[in-house]
Amino acid sequence: MSLQAERLLTLFGRLGLIHLPQCYETFADEAAQKNLTYLDFLQQLLEAEEQAKYDRNVRLKIQVAHFPHSKRLDQFDFSFQPSIDEKRIRELASLRFIQHKENVILLGPPGVGKTHLAVALGMEAIRASFSVYFITMQDLLGRLTRARDENNLKQRVALLTKPKLLILDEIGYLALDQFGATCLFQLVSERYERGSMILTSNRSYGDWGSIFQDNVVASAILDRLLHHSTTINIKGESYRLKDKRKAGVLAQTTAPPVN
Ligand code: ADP
Ligand code: MG
């Protein structure tokens, strides 16, 4: 390695330039071949470095978010689910709701794409450099129960207020005891007007009292959640069963509507 190359690598390292060590020689050769101006060459180098930093940041944020999969909006077939107004989802994908610290609640029976849409909006948020954390209600409860046993419940709840977008998936599959309901109330109160949440549930709001086994807590939670929020009510049939229906394995029925 030439002395100059060594010096350049040292400088890249000191300046925290992560991508240039791999690409500066190729860019320099190309610039010479194409007779690029010094400024064009400099711009190319800096843009490549910026892109690499952005990509690395997105990868890190996706890891931290703990998505169950990496579904995107362009993989969602809106024609299969006519009860969803595509324009409303596109509006949500503009992420104004995160800037305004509003919530999104996706309601509907199993398999209609609630988790898919929640993750896809989470991915959009990460692409726009917001921090995101995904957790199911069941995992949340497990984690908060452990935290209570280890005497650090408050710190755990505080951690969940940090991400700009918190996705809480599958509210309503399990009934919550008083501890669960109180935890959710605390979390929703802590994030109220401070940070956005996307929630998904297979139960209509009218049923939330029975999830929490307490109408007073349910309405206190809903009151804060819904104050600044968008509800997407999905009324179609399960996408998971689509192919089975086509193959005639299941009878053609419509999933019960959610109000
Ligand atoms: P839910 O959370 O409502 O139970 P999911 O989002 O988990 O449903 O969807 C079930 C599966 O079907 C996932 O693999 C999801 O990607 C896929 N899916 C659901 N709806 C659609 C759709 N309209 N277009 C494409 N894939 C879909
Ligand atoms: Mg789901």
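We're numbering straight along the sequence, starting at 1. In what follows, every heavy atom counts, from backbone to side chain, and hydrogens, waters and symmetry copies are set aside. One-based numbering, in listed order, for ligands and for the atoms of each.
- Here the Mg ion (ligand 2) has protein N, O or S atoms under 2.8 Å from it, and they come to 1.
- Ring orientation note: the planes of F134 and F67 are nearly perpendicular, at an angle over 60° on the 30°/60° scale.
- A donor-acceptor pair shorter than 3.5 Å can be found between the side chains of D169 and T115.
- With ring centers used as reference points, Y239 lies under 6.0 Å from F80.
- The side-chain hydrogen bond (donor to acceptor under 3.5 Å, both in side chains) search around E47 returns Q43, not counting sequence neighbours.
- For R56, the salt bridge (charged side-chain N to carboxylate O under 4.0 Å, His left out) criterion is met by no residue, not counting sequence neighbours.
- Within 4.0 Å of ligand 1, protein heavy atoms come from K71, Q75, F76, D77, P109, P110, G111, V112, G113, K114, T115, H116, Y239, R240.
- We find that E150 and R146 are not joined by a salt bridge, their nearest charged nitrogen and carboxylate oxygen being 4.0 Å or further apart.
- Side chain to side chain, R7 and S2 fail the donor-acceptor criterion of an N or O pair below 3.5 Å.
- With Q81 contributing its side chain and G113 its backbone, the two residues share no donor-acceptor pair below 3.5 Å.
- Centroid-to-centroid, the aromatic rings of Y24 and F12 come within less than 6.0 Å.
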